[in-house]
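Written below as structure tokens is the structure these notes are about.
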There are 2 protein chains.
Amino acid sequence: MSDEKAFLSSYRAKDYPRPSVAVDLVILTIIDAQLRVLLVKRREHPFKGQWALPGGFVRVGESAIEQGEDLDDAARRELQEETGLDPERVFLEQLYTFGKAGRDPRMRVVTVAYYALVRPDLAPFVKAGGDVSDVEWFDVSVLDKLELAFDHHDIVEMALTRIRGKLEYTNIAFDLVPATFTIPELRHVYGIVLGKPMDPGNFRRSFNRWLEEGRLEQAPGKRITTSKPAAVYRFKR
Amino acid sequence: MSDEKAFLSSYRAKDYPRPSVAVDLVILTIIDAQLRVLLVKRREHPFKGQWALPGGFVRVGESAIEQGEDLDDAARRELQEETGLDPERVFLEQLYTFGKAGRDPRMRVVTVAYYALVRPDLAPFVKAGGDVSDVEWFDVSVLDKLELAFDHHDIVEMALTRIRGKLEYTNIAFDLVPATFTIPELRHVYGIVLGKPMDPGNFRRSFNRWLEEGRLEQAPGKRITTSKPAAVYRFKR
DNA sequence: TAAATAGTGTCTATGAGACATTATGTA
DNA sequence: TACATAATGTCTCATAGACACTATTTA
């Protein structure tokens, strides 16, 4: 098809205005028995001094050959840059794309939102990085009282709705506990995310089904507590 | 905050390269007892002459004040332009955003995919429009043999996965039948979308639950067939 | 009357919710 | 021994799948 080749080589992108494209991250973990989201304090206008989701612009190449980074790669890069976390050890998935006109006062910005689940044993290692002055894990239940930049409140809201739904029919809770965990510990994760405690007996029943299905296995040792120790489990593979 | 005002008025978008942003539509309906997707034949390079999803670029304003159309509006506009369908009468929802580098050979294009469900009684009115030479409803089961432009095959695949999942816990099947319908008709929709026939008795049981919940009501008249006529229903509100 | 399909009923397996009970560790 | 909590068991109810059966229309 030299016809097409000729077309491509002669092609000049028409100069219609284009939006900026960003990725924003709803990074969640559990600390002190509370579901928390990572926010960064903005050092620049607009919304200077307000809390916002970590994120940044997608790197786009100039040419048709070199087009820049994939969206997923941009999300992983921002995660790495702004938190220092290893993207390989964090659950990361696209959430929704927010692109209303006027959502950024500077210019048209379309943002592809992702949500990430960080194991609580990794959360303490998060450190401020990139062009960020301050980073903090906020209890999601206090966000109502907090003014977030842009439409980031909506984005967090959708992320919470999403993970609550997915908790019921996927394995994502496994990304909110350490590598090994007890049944009550996993049960608490469900309770915290869903906002209501789970029945111990009924939860154990589901848990045992997962065991039989081979998604979990018992790990050596016991978890020592102030009363009866609990058996320890881990995810298979 | 005159500080912020001053910033905004002096702000000049940095001249990093930006991607083009498009919307693509997976428009589905049921014709002749088959789930079908609307494809258009491309008249221009790249992929000239191949079938593709209808779609187009999002209109973006030049200034910070006039930023152009919302993503959802762009999807509705394209739906209207390329099919002639009234967006008010079609179910339309964002699906996923595809933005791999290189997915368009001309330049970096990030496309926000939507899926639409068209009632079969409206489907025949679809007409070629916009910059499209040909429009056709394809049985989704023959798409394997068809070479689609760009990554549109992946997009259709994801749309099908999505609606099959949503069929189980939402009302979207209601957007794939005419305004009034019989129980067997709605049952066939489920069978067609899911790819396996539903048991008449069990389906009727679910249907009756929806009736009791007030999501449906009986409509006057009967559907005349070649054997026993069936009662006719419609959605409430 | 036969064919076709609308519509009903039944049996069983499964899973969720509520809750009582037992087991095993620590203080 | 008292206490805390891990772990087990039981009862009930809602729902899904498989499938037998009845009802009502047309040809």
Side-chain angles (χ1 to χ4, degrees), chain A residues 30 32-33 164-173 177-178 180-234, chain B residues 30 32-33 164-173 177-178 180-234:
Chain A
I30 290 177
D32 296 340
R164 282 173 185 142
K166 278 214 159 191
L167 210 59
E168 323 244 326
Y169 65 97
T170 69
N171 297 40
I172 59 168
V177 286
T180 63
F181 52 90
T182 68
I183 299 183
E185 281 166 5
L186 188 65
R187 173 163 54 85
H188 280 118
V189 167
Y190 273 78
I192 289 163
V193 174
L194 297 178
K196 57 163 190 244
M198 305 287 285
D199 179 89
N202 299 335
F203 185 84
R204 178 172 296 271
R205 189 171 43 195
S206 310
F207 191 96
N208 285 330
R209 254 198 302 278
W210 301 337
L211 262 179
E212 286 163 22
E213 291 168 6
R215 292 156 66 181
L216 300 171
E217 65 186 354
Q218 196 164 354
K222 292 250 171 191
R223 178 85 13 116
I224 304 303
T225 68
T226 62
S227 73
K228 181 179 177 181
V232 174
Y233 299 85
R234 65 184 165 216
Chain B
I30 290 177
D32 296 340
R164 282 171 185 143
K166 278 215 159 190
L167 210 59
E168 322 242 329
Y169 64 96
T170 69
N171 298 44
I172 59 169
V177 286
T180 62
F181 51 90
T182 68
I183 299 183
E185 281 165 6
L186 188 64
R187 173 163 55 84
H188 280 119
V189 167
Y190 273 78
I192 289 162
V193 174
L194 297 177
K196 57 163 190 248
M198 305 287 287
D199 179 88
N202 298 336
F203 186 85
R204 176 173 297 271
R205 189 172 41 194
S206 310
F207 190 96
N208 284 332
R209 253 198 301 278
W210 300 338
L211 262 180
E212 286 163 24
E213 291 168 6
R215 293 155 68 181
L216 300 171
E217 64 185 355
Q218 196 164 354
K222 293 250 171 192
R223 177 90 5 122
I224 304 303
T225 67
T226 62
S227 70
K228 180 180 179 181
V232 174
Y233 299 86
R234 65 183 164 214

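Just so it is clear: chains get the letters A, B, ... in the order the sequence lines come, proteins before strands, and each one is counted from 1.
Scanning atom types as modelled, one donor and one acceptor separated by under 3.5 angstrom connect the side chain of B/N202 and the base of D/dA18. Side-chain atoms of B/R205 stay outside donor-acceptor range of the base of C/dG9, with no qualifying N/O pair under 3.5 Å.
Here D/dA6 presents its C1' atom at 12 Å from CG of A/N208, a figure rounded to the nearest Å. Between the NZ atom of B/K222 and the P atom of C/dT5 there is a distance of 17 Å, given to the nearest Å. As rounded to whole Å, 13 Å separates atom C1' of C/dA18 from atom CE of A/M198. Remark: C1' of C/dG15 and CD of A/E168 are 13 Å apart, rounded to the nearest angstrom. In this entry the distance linking CG of A/D199 with C1' of C/dT21 reads 13 Å, nearest Å. Distance OH (A/Y169) to P (C/dG15): 19 Å, rounded to an integer number of Å. For A/L194 and C/dG17, the CG to C1' distance is 15 Å, given to the nearest whole Å. The nearest whole Å value for the distance from the CG atom in B/L186 to the P atom in C/dG7 is 13 Å.
Distances were taken from every side-chain heavy atom of A/R209 (C-beta onward) to each of D/dT15, C/dG15, C/dT24; the shortest belongs to C/dG15. For B/P229, whose side chain is taken as the heavy atoms from C-beta onward, the closest listed nucleotide among D/dT25, C/dG15, D/dA18 is D/dT25. The B/S206 side chain lies nearest to D/dA16 when the options are D/dA16, D/dA7, C/dG7.
Close to C/dG7, at under 4.0 Å from its OP1 or OP2, lies no side-chain N or O of B/R187. Between A/R223 and the phosphate of D/dT5, there is no side-chain N or O to OP1/OP2 separation shorter than 4.0 Å. Considering only side-chain N and O atoms, A/R204 lies nowhere under 4.0 angstrom from the phosphate OP1 or OP2 of D/dA6.
Between B/E168 and B/L194, the closest side-chain pair of non-hydrogen atoms falls below 4.5 Å.
Each of A/K228 and B/T225 lies near DNA chain C, and the nucleotide nearest B/T225 is the one positioned closer to the 5' end.
Between A/F207 and A/F181, the ring planes lie perpendicular to each other; the angle is over 60°, past the 30° to 60° tilted range.
A donor-acceptor pair is defined here as one N or O able to donate and one able to accept, closer than 3.5 Å; such a pair exists between the side chain of A/R164 and the backbone of A/V193. A donor-acceptor distance shorter than 3.5 angstrom exists from the side chain of A/E185 to the backbone of A/T182, with no hydrogens or angles considered.
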Inset, instruction - Would you please test A/N202 and A/R205 for side chain to side chain donor-acceptor pair (under 3.5 Å) and show each step? - result: CA-CA 5 Å; A/N202 299 335; A/R205 189 171 43 195; 3.1 Å; yes
